[in-house]
Amino acid sequence: MVDAETFDAADWRPAPLLPARDGREKSLVLVVAVLSFLACLTVFVGVAADRAAGGWGRELKASATVQVRPSHGETPAESAARAAEALAAVPGVREARGLDKAEAEKLVEPWLGEGALPDDLPLPRLVAVELDPAAPATSEALTQALASAGVDASLDDHSRWLKEVERAGVVARTVAILACALTAACCAAVIAFATRQGLAARREVVEVLHLTGAEDSFVASLFQRRFAGLAFRSGLYGALAAALLAAAARLLGGEEGITPALPFAWIDLAAVLPCPLLAALTAAVSARRTAMSILGAEV
Amino acid sequence: MNLHAPLPPESAEAANPVVRLEGVGLRYGRAAEVLRDIDMSLAPGSFHFLTGASGAGKSSLLKMIYLAQRPSRGLVSLFGQDIATTPRRGLHALRRRIGVVFQEFRLLDHLSAFDNAALPLRIAKEAPEAYRADVAELLGWVGLGGRMHAMPPTLSGGEKQRLAIARAVVARPEIILADEPTGNVDPEMGARLMRLFIELNRLGTTVLIASHDQNLIARSGQPVLHLEGGRLREGV
Ligand SMILES: Nc1ncnc2c1ncn2[C@@H]1O[C@H](COP(=O)(O)OP(=O)(O)OP(=O)(O)O)[C@@H](O)[C@H]1O
Ligand SMILES: [Mg+2]
């Protein structure tokens with residue numbers, strides 16, 4: 001105990017009006033930290049999936065494949081060479097290259113197995129077209145060029161695959177956003193529950209504050225600050241854990257992360273930065289709304 | 001002793017009591033009425049004692065005035081405002097104009113004596129720099145100068161009582177309601193605390209003190225409201 005001599009009113013700072021946090025809040029910290037951790041992981045996966053989809057999309061957009069059927073009096077290789085020549089002249093094409101037999105066989109190998117093809121099977125020759133990503137040639141221009149050269153060929157501009165990849169990207173983004181929103185809703189609900197508990201446990205304090213003239217908003221702001229602070233700390237723990245996990249995956253798996261389908265970059269770690277703030281904001285809004293509605297319902 | 005016109009009739013304030021109860025009844029749950037047909041009014045700047053046997057309803061009457069308890073029937077009006085028609089926000093504002101010494105003190109156990117005493121000023125959103133010297137002075141005056149850091153559970157009954165009084169008066173309320181404010185202190189300290197109430201009353205504060213202490217009441221010479229059988233009587 002400090003006695004009169006050492007008490008200096010000038011040094012006095014108002015103490016928190018709510019009793020210091022108690023043991024019960026430990027489990028709340030854990031819950032919010034885990035929710036934040038899961039939200040951060042979701043964001044990582046979403047960002048990586050989005051990047052993967054974007055990468056594949058760019059590759060698909062910047063390339064086309066032409067299947068050449070040999071014309072009469074021409075070897076398949078000659079037809080393919082002629083098609084490649086015609087395609088290379090089209091503006092917006094960087095390179096058109098006929099794949100030789102070995103390359104064509106290699107392409108079908110995953111489906112048919114190594115050496116499973118009889119030597120005399122007439123495999124259609126393929127021409128791989130690499131487009132200028134900045135101003136890619138349209139598929140009409142390519143078809144036109146093939147027709148003018150008199151080559152019997154069919155063009156695959158990958159647009160079907162592109163649509164699939166783009167849809168996969170949209171699905172990944174939507175699922176990630178939805179999962180984050182659900183996590184936030186979960187956080188809001190658990191804070192609302194804790195606020196209700198806190199108001200009941202601090203009945204006497206709240207009543208004395210009220211009888212001393214405190215407004216509902218004054219009392220609500222005590223809980224709002226308490227839980228916003230708690231959520232901020234918890235969000236920080238969760239974000240840190242998620243960032244550590246992601247960094248470990250990046251270190252162990254390199255640029256591709258743990259799987260090439262989810263490429264991960266160091267910059268992605270920055271995605272956890274808003275987490276503590278968002279957790280605090282969610283908790284603040286939830287605690288305030290809950291406290292105001294409970295207090296307002298009293299007589 | 002006239003409750004209803006303690007001030008000269010030409011005073012405009014006499015017509016505007018700070019506390020007015022009309023036909024007030026109070027029952028807890030389904031039990032019989034603890035208070036019935038209470039009519040009273042306190043003029044601004046008046047000083048009254050409230051007496052009655054234990055269980056007569058002194059605390060209950062005070063609770064209705066400091067807005068911790070709604071009457072079962074009748075009119076309660078504070079500063080000319082009918083509390084039945086006052087919105088919740090307005091009730092908070094009314095409470096700030098009233099200082100209460102609770103019979104059971106109701107100090108906040110997790111706050112130091114100094115923080116407890118400063119509470120009403122904090123709730124009124126005053127700047128700490130503006131009031132901390134006054135709070136220290138007041139605590140010194142009630143004999144708690146050496147206990148400013150102490151937590152209420154470590155205070156004696158009398159010390160708690162003095163702290164409760166300091167908290168009730170610190171924000172200079174217009175009405176002071178004190179429920180047995182000298183029950184736990186020796187006669188000397190009791191007299192000192194009474195002087196504080198009388199001093200504040202002299203400065204214009206309306207004071208209503210519930211007390212058993214007949215000696216104290218007789219010595220002060222102030223008017224008395226007596227509760228018996230759930231009804232209020234004037235005089236001793
Ligand atoms: N919250 C409550 N619920 C039910 N009954 C109550 C409640 N508060 C008080 N009572 C009853 O109302 C009556 C008046 O109580 P009150 O506390 O007002 O008396 P009092 O005059 O202040 O007594 P004391 O001098 O002992 O403090 C008592 O019979 C008491 O039992
Ligand atoms: Mg009582």
Side-chain angles (χ1 to χ4, degrees), chain A residues 1-25 197-227 229-230 288-299, chain B residues 63 66-70 87-100 102 104-116 118-129 131-137 139-140 144-151 154 167-168 170-171 173 177:
Chain A
M1 211 57 50
V2 189
D3 46 45
E5 284 76 47
T6 60
F7 184 88
D8 186 355
D11 292 338
W12 173 78
R13 295 285 171 281
L17 287 182
L18 283 183
R21 59 182 84 92
D22 47 28
R24 274 174 304 186
E25 286 184 350
Q197 292 278 45
L199 272 168
R202 305 295 174 215
R203 190 70 258 159
E204 172 64 12
V205 175
V206 170
E207 222 171 284
V208 169
L209 292 178
H210 266 149
L211 290 177
T212 314
E215 278 153 15
D216 292 346
S217 58
F218 182 93
V219 176
S221 72
L222 298 178
F223 286 91
Q224 177 187 337
R225 270 202 300 273
R226 161 68 55 90
F227 286 119
L230 182 146
R288 183 170 196 90
R289 288 191 43 162
T290 309
M292 286 303 276
S293 85
I294 292 174
L295 296 173
E298 286 176 353
V299 279
Chain B
K63 274 180 196 163
Y66 62 71
L67 306 178
Q69 179 71 53
R70 292 217 180 237
R88 205 175 148 75
R89 277 190 84 78
L91 296 182
H92 299 310
L94 290 178
R95 287 192 182 108
R96 278 194 216 179
R97 300 166 70 179
I98 305 174
V100 186
F102 303 99
E104 60 283 15
F105 314 136
R106 306 189 78 165
L107 300 168
L108 300 184
D109 284 349
H110 64 285
L111 293 182
S112 68
F114 195 94
D115 275 291
N116 265 289
L119 186 66
L121 296 160
R122 227 170 131 177
I123 286 174
K125 302 203 172 81
E126 307 237 1
E129 305 77 51
Y131 62 71
R132 51 193 178 196
D134 297 343
V135 173
E137 193 189 332
L139 284 174
L144 291 175
R147 305 288 276 145
M148 299 209 213
H149 279 306
M151 294 310 203
T154 70
R167 182 180 67 183
V170 74
L177 303 173

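What you see is a predicted model; the values in this text were computed from it and never measured. By convention in this document, chain letters (A, B, ...) are assigned in the order of the sequence lines, proteins followed by strands, and residues within each chain are numbered from 1.
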Inset, instruction - Without swapping roles, check the side chain of A:His210 against the backbone of B:His92 for a donor-acceptor pair under 3.5 Å. - result: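 Checked: no pair found.
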How close do [X] and [Y] get, counting heavy atoms only, and between which atoms?
{"X": "B:Arg122", "Y": "A:Pro14", "answer": "CZ-CB, 3.3 Å"}
{"X": "A:Leu209", "Y": "B:Leu119", "answer": "CD2-CD1, 3.7 Å"}
{"X": "A:Pro16", "Y": "B:Leu111", "answer": "O-CD2, 3.4 Å"}

Mind checking whether [X] and [Y] have side chains closer than 4.5 Å, heavy atoms only?
{"X": "A:Glu204", "Y": "B:Asp109", "answer": "no"}
{"X": "B:Arg88", "Y": "A:Leu295", "answer": "yes"}
{"X": "B:Arg95", "Y": "A:Thr212", "answer": "no"}
{"X": "B:Val135", "Y": "A:Trp12", "answer": "no"}

Would you mind checking which part of [X] comes under 4.5 Å of any heavy atom in chain A, side chain (CB onward), backbone (N, CA, C, O), both or neither?
{"X": "B:Tyr131", "answer": "side chain"}
{"X": "B:Ala68", "answer": "both"}
{"X": "B:Arg167", "answer": "side chain"}

Legend entry - Salt-bridge criterion met for A:Glu215 and B:Arg96 (N-O under 4.0 Å):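 Yes, this pair counts.
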Inset, instruction - Output the distance between atom CZ (B:Arg106) and atom CG (A:Leu211), rounded to the nearest 0.5 Å. - result: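 With rounding to 0.5 Å, CZ (B:Arg106) is 5.5 Å from CG (A:Leu211).
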Inset, instruction - To the nearest 0.5 angstrom, please state how far the CZ atom of B:Arg89 sits from the CG atom of A:Asp216. - result: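 Atom-to-atom, B:Arg89:CZ and A:Asp216:CG are 8.5 Å apart.
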Legend entry - Under 4.5 Å from any heavy atom of chain B - which part of A:Leu18: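 Contact with chain B involves the backbone of A:Leu18 alone.
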Legend entry - Top contributor to chain A contacts, counting heavy-atom pairs under 4.5 Å, from B:Val100, B:Leu144, B:Leu108: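 The option with the most such pairs is B:Leu108.
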